[in-house]
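Both backbone and side-chain heavy atoms feed into the values below; hydrogens, waters and symmetry mates do not. Position 1 is the first residue of the sequence; numbering continues from there.
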Amino acid sequence: MDIHDDHPDLGRLAAEGRVVAYFGYGSLVNKHTLRTRFLAIRRASVVGWRRFWLLRAEGAPALLSVKPEEGHLTQGVVVYDHADHLPAVDEREAGYHRRVVMPGRCTIEAEPVSDVPLFIYEAAREEETASEVGAFILQSYIDAVLQGFHALYAEEGVRRFVAETDGFSTDLVGDRHRPAYPRSVHLADGEAALFDELLDARGVRRVSMPDVVTPYG
C-alpha cells in the first residue's frame with residue numbers, strides 16, 4: 001500500500017546513487033503527519049530492533065525510538081528520500097545513532113527500487129524506558145501514530161504495536177481535544193475507543209496537561 005504516489009524519477013535517481021532509505025516506526029507511518037513529499041514510502045518490517053518510549057529532557061514528552069533486540073520483528077514503513085537530504089535527517093534525529101540495516105533484515109512490500117542504502121535511527125545509548133523514569137506520553141502524538149498503523153496494518157497492527165512497544169506503563173497526558181503535538185490528526189469513528197481500550201490495558205495513567213511542555217523538535 002502506497003502512502004502517496006512514487007516520484008516519477010525514483011528509478012533514475014536510484015540508478016544514479018542519489019536515493020537513500022530509512023525505516024520509520026512512529027509518526028512517519030501516518031500520511032496526515034507528513035510535511036515532506038518523499039520519493040516513495042512502503043509498508044515494511046525490520047528484524048533486530050524493538051520499539052520503546054524514550055525519555056527526553058525534563059518537561060518534554062517521551063518519543064518513540066528503537067533499541068537492538070536480536071530476532072524481534074518491528075512493523076513500520078521504509079521511506080525513500082533524496083540522498084542529499086540525509087544530513088538534514090541526521091540533524092533532525094540528533095541524539096540517535098543512524099545504523100545500517102543489512103540485507104535480509106528488512107522486508108519491504110512492493111519494493112520500488114533495489115540496492116538503495118537503508119538506515120534505521122536507534123537510541124544513542126542504553127536508555128531507560130519512559131515508564132522506568134516516569135516520563136509522559138502525549139495522547140495527541142500516540143493518536144497520530146496509532147492512526148497510521150490502523151490505516152496500514154488494520155486493527156491487528158495497532159494491537160501488535162501497543163503490545164510490543166516497551167514503556168507504555170507511564171503517564172498519558174490527555175490533550176486530545178487541545179493537542180500539544182503540532183501534527184495532530186482527526187480520528188475516525190471508533191479509533192479513539194480502540195486506542196483508549198488498548199492503552200488502558202497496557203497500564204497507562206491518565207493525567208492532566210503539565211503547566212509547561214517542551215515542544216517537539
Side-chain angles (χ1 to χ4, degrees), residues 1-7 9-31 33-56 62-127 129-130 141 144-145 148-149 151-153 157 160-161 164-167 183 216-217:
M1 179 185 298
D2 296 347
I3 292 180
H4 56 59
D5 293 336
D6 295 350
H7 192 285
D9 294 331
L10 174 60
R12 176 181 61 81
L13 293 169
E16 295 172 354
R18 297 166 60 191
V19 175
V20 295
Y22 40 93
F23 188 85
Y25 44 78
S27 60
L28 281 176
V29 301
N30 192 330
K31 65 181 180 181
T33 70
L34 302 181
R35 297 296 181 265
T36 300
R37 181 172 173 79
F38 300 106
L39 297 172
I41 301 181
R42 291 291 191 276
R43 288 193 295 201
S45 59
V46 67
V47 175
W49 286 270
R50 180 183 288 274
R51 189 187 295 106
F52 76 109
W53 286 102
L54 173 69
L55 172 69
R56 297 169 68 214
L63 284 177
L64 289 165
S65 185
V66 290
K67 53 188 176 183
E69 184 173 318
E70 193 61 35
H72 183 76
L73 184 145
T74 294
Q75 291 180 319
V77 294
V78 165
V79 175
Y80 295 86
D81 201 355
H82 294 275
D84 58 7
H85 290 177
L86 195 57
V89 179
D90 287 345
E91 183 177 355
R92 186 185 70 203
E93 303 296 338
Y96 290 72
H97 285 312
R98 172 160 52 87
R99 302 299 195 193
V100 175
V101 179
M102 300 302 293
R105 290 261 180 175
C106 189
T107 301
I108 303 170
E109 184 175 304
E111 187 174 13
V113 291
S114 58
D115 299 324
V116 171
L118 175 59
F119 306 103
I120 190 170
Y121 287 86
E122 70 175 39
R125 56 188 181 277
E126 287 297 323
E127 298 276 7
T129 68
Y141 174 66
V145 174
F149 276 84
L152 294 187
Y153 292 104
R160 179 171 186 160
F161 178 103
E164 296 183 355
T165 299
D166 285 346
R183 297 190 295 278
Y216 282 80

**Asked** Hey, mind stepping through R37 and D5 against side chain to side chain contact (heavy atoms under 4.5 Å, CB included) and telling me if it holds?
**Response** CA-CA 9 Å; R37 181 172 173 79; D5 293 336; 3.8 Å; yes
**Request:** Give the C-alpha distance, both sets of side-chain angles, the deciding distance and a yes or no for side chain to side chain contact (heavy atoms under 4.5 Å, CB included) between Y22 and V89.
**Result:** CA-CA 10 Å; Y22 40 93; V89 179; 3.8 Å; yes
**Asked** Going through the checks in order, is the side chain to side chain contact (heavy atoms under 4.5 Å, CB included) test met by L152 and V77?
**Response** CA-CA 9 Å; L152 294 187; V77 294; 3.5 Å; yes
**Item:** side chain to side chain contact (heavy atoms under 4.5 Å, CB included) between H82 and R18, intermediate numbers included
**Value:** CA-CA 6 Å; H82 294 275; R18 297 166 60 191; 5.7 Å; no
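Note that OG of S27 is 8.0 Å distant from CG of L34, once rounded to the nearest 0.5 Å. Atom-to-atom distance recorded for Y96:OH and I120:CD1 is 11.5 Å, nearest 0.5 angstrom.
When side chains are defined from C-beta on, T33 does not count as touching L28, because their heavy atoms never get closer than 4.5 Å. Here the side chains of L73 and R105 are not in contact, with every heavy-atom distance at 4.5 Å or above. Within the 4.5 Å cutoff, no side-chain heavy atoms of Y80 are placed close to those of L13. Using a 4.5 Å heavy-atom threshold, the side chains of L118 and C106 count as touching. Residues D81 and L86 are not in side-chain contact: their nearest non-hydrogen atoms beyond the backbone lie 4.5 Å or more apart. Side-chain contact between V29 and Y153: absent, with no pair of heavy atoms (C-beta onward) separated by less than 4.5 Å. Side-chain contact between V116 and V113 is present, with heavy atoms from C-beta onward closer than 4.5 Å. Side-chain contact check for E122 versus K67: every heavy-atom pair is 4.5 Å or farther apart.
Salt-bridge check for R98 with D90: passed, with a basic side-chain N closer than 4.0 Å to an acidic carboxylate O. By the 4.0 Å N-to-carboxylate-O rule, E93 lies too far from R99 to be salt-bridged with it. Remark: D6 engages R42 in a salt bridge, criterion side-chain N to carboxylate O under 4.0 Å.
Summarising the local packing, CG of D84 is surrounded by more than 12 heavy atoms from other residues, nucleotides or ligands at distances under 6.0 Å. Within 6.0 Å of atom CD in E16, more than 12 heavy atoms from other residues, nucleotides or ligands are found, so the atom counts as buried in its surroundings.
Minimum heavy-atom separation, V78 to A44: CG2-CB, 3.5 Å. Nearest heavy atoms, S65 versus A123: OG-N, 3.1 Å.
For the pair R51 and Y25, the cation does not sit on the ring face, since its NZ or CZ is not both under 6.0 Å from the ring centre and inside 45° of the axis.
Using bins of under 30°, 30° to 60° and over 60° for the plane-to-plane angle, the ring pair F149/F161 lands in the tilted bin.
Without hydrogens or angle criteria, N30 side chain to A144 main chain gives a donor-acceptor distance under 3.5 Å.
Between the side chains of E69 and W49, not a single donor N or O lies within less than 3.5 Å of an accepting N or O.
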